[in-house]
There are 2 protein chains.
Amino acid sequence: MHASFHPQDNALIRKLESVFALTDDERQALDDLPLQVMDIKADQDIVREGDRPSRSFTILSGFTSTYKVTGDGRRQIVAFGIAGDIPDLQSLHLKVLDISVATLTPCRVGFINHEDLWRLCMRHPRIAAAFWRETLIEGAIFREWVVNVGRRDAYTRMAHIFCELLVRLKAVGLAEGYACNLPMTQSEFADAIGTSTVHVNRVIQELRANGLIELSGDRLNVPDWEKLKHAGDFDPTYLHLENAQAAA
Amino acid sequence: MHASFHPQDNALIRKLESVFALTDDERQALDDLPLQVMDIKADQDIVREGDRPSRSFTILSGFTSTYKVTGDGRRQIVAFGIAGDIPDLQSLHLKVLDISVATLTPCRVGFINHEDLWRLCMRHPRIAAAFWRETLIEGAIFREWVVNVGRRDAYTRMAHIFCELLVRLKAVGLAEGYACNLPMTQSEFADAIGTSTVHVNRVIQELRANGLIELSGDRLNVPDWEKLKHAGDFDPTYLHLENAQAAA
DNA sequence: CGGTCGCTTGAATTGCTTCAAAACTTGTGG
DNA sequence: CCACAAGTTTTGAAGCAATTCAAGCGACCG
């Protein structure tokens, strides 16, 4: 374990605590969970499609992308990972990974052996249920992305992604009001919304010109949340957040 | 419960049995699971976005579509349901439904109270794990659909969907060789691959002209599986089938 | 200070949409 | 058993959203 890491830095535990009140027993079990903490630089694959991992990892800090590559080499990002997420939790049940996960920024991640995860789930059914629930929410986000890419134009799609990221970051305390850090490049956004980089650029400029976003460098600010929500056809229900005001 | 229904008709139990060998105890618990069997005619919503169901349902026979509708009324189908599936199992953990499920054909479905499902999961952790696993595979399919809609052209997309449906139907014994029943209309396929109905029609004709599919009425036949797989950029890994030959 | 990476702009091209209408299929009631 | 209605498939033509290619600009970094 990394010398300077303490359980209270674990965004995953903080997230679980926000869903339901942990008993002392559960809290202890989570604190005791062996975590191999590792710092990874930006633009590195953490796991790759085809891997058969014996452990999963939680994001302690930083941003990741979950992606697949088509036969002719086109990349599609299917999810962004933020602090508290376990992007490859599925590998606990599904032996072969069908996705790759890469860092978008330098990341601190905590690897957890599947063996330890299993033990935790068996002894603490409510924690098992919470993990299951997390994977179900992840699934709900995938569904919304299918809709986004399948039935919305590029302008709406881009606005939708901004909405989703802001709300998710808010929910884990990584947004200040209607502003947050977004380290993705336009080319990464393009791979997420299924368009070309050039078109993402034009659409972002349009959003800017319409006063819906202020985006410079890594910083996003949303001057009029209701307008952006409307432009992005965004309804946060699918994120299944408990504290609904985070989704306001 | 419907008079003429017997547990051995339950495609869900057959599917679980194909994943791992059930103990007598588990088998008994599944057979005893109270199931409210219902026959539903074609093109009916079974559950709707926004519902807060106290039960889930398994498809005993027939086909369903899982869909969402955008603000401007465009429909996107995010999944097709076949016998053995539990399209709204997520509602066990997520109170508000973020999707609607409709019948594509007349369907026989079995409703299971969440209460009973919870009891089953608590007493039989391996069954709970199998259900969790099913939802994870569903998630893997959503991811592949994001890639399909985001990064493949309409011709490839259509071929991909045919591949996926054939393999899934094969896995539950609903295909004969490389042929199966596909009751979806071209307009439903369009909503699944995120294009217009007109374009689906042209693409299907192209697939036909290239000898990749024979499709008439509800019947699909694939004369050259390898060619269709290649045309659809299809790799069945993401379906996570245990008996790999089903995916050959 | 030169090289790499990300952002921006313009112009030509294209895959797909939209609109419109005809041909075919299926189910229903007289 | 035929006739009609309703839904589905097919075809053509015009239009557009987004792509591709190409080049210039700016910022950061070794």
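Residue numbering restarts at 1 for every chain, and letters A, B, ... go by the order of the sequence lines.
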Residues that B/F63 engages under ring pair (Phe, Tyr, Trp, His ring centres under 6.0 Å), provided they are two or more places apart: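 Here no residue qualifies.
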
DNA chain D contacts made by residues 154-165 of chain A, counting heavy atoms under 4.0 Å: A/A154

Outermost nucleotides of DNA chain D that come under 4.0 Å of a non-hydrogen atom of chain B: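 Both ends considered, the range comes out as D/dT8 to D/dA13.
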
Contact nearer the 5' end of DNA chain D, comparing B/R202 with B/T197: B/T197

Step-by-step side chain to side chain contact (heavy atoms under 4.5 Å, CB included) determination, A/F80 to A/L182: CA-CA 11 Å; A/F80 289 118; A/L182 283 189; over 6 Å; no

Whether B/F189 and B/F162 hold their rings parallel, tilted or perpendicular, with breakpoints at 30° and 60°: perpendicular

Criterion salt bridge (Lys or Arg N to Asp or Glu O under 4.0 Å) on B/R151 and B/D233, from CA distance to verdict: CA-CA 11 Å; B/R151 283 290 179 236; B/D233 190 25; over 6 Å; no

A/R208 atom CZ: more than 12 heavy-atom contacts under 6.0 Å: yes

Are any side-chain N or O atoms of [X] and backbone N or O atoms of [Y], one a donor and one an acceptor, separated by less than 3.5 Å?
X      : Y      : result
B/T103 : B/D43  : yes
B/D191 : B/E188 : no
A/D235 : A/T237 : yes

Derivation of the side chain to side chain contact (heavy atoms under 4.5 Å, CB included) call for B/N181 and B/R219: CA-CA 5 Å; B/N181 278 359; B/R219 197 75 191 156; 2.6 Å; yes

Is [X] touching bases, backbone alone, or none of the nucleic acid, heavy atoms closer than 4.0 Å?
X      : value
A/R74  : sugar-phosphate
B/S196 : base
A/R208 : sugar-phosphate

Range on DNA chain C touched by chain B - first to last nucleotide, heavy-atom distance under 4.0 Å: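 It runs C/dC16 to C/dC19.
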
Which atom of A/C180 lies closest to which atom of A/L174, heavy atoms considered: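 For A/C180 versus A/L174, the nearest heavy atoms are CB-O, 3.8 Å.
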
Result of checking B/I193, B/V200, B/V147 against B/R157 for side-chain contact (heavy atoms from CB on, under 4.5 Å):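 It is B/I193, the one option of B/I193, B/V200, B/V147 that forms the side-chain contact (heavy atoms from CB on, under 4.5 Å) with B/R157.
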
Chi angles and distances behind the side chain to side chain contact (heavy atoms under 4.5 Å, CB included) call for B/Q90, B/L97: CA-CA 8 Å; B/Q90 42 153 326; B/L97 264 189; 4.1 Å; yes

Five-pair end axes of the helix from C/dT8-D/dA23 to C/dG30-D/dC1, angle between them (10°): 40°

Salt bridge (Lys or Arg N to Asp or Glu O under 4.0 Å): pairs with one or both residues in residues 62-72 of chain A, sequence neighbours excluded: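 Qualifying pairs: A/K68-B/E144.
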
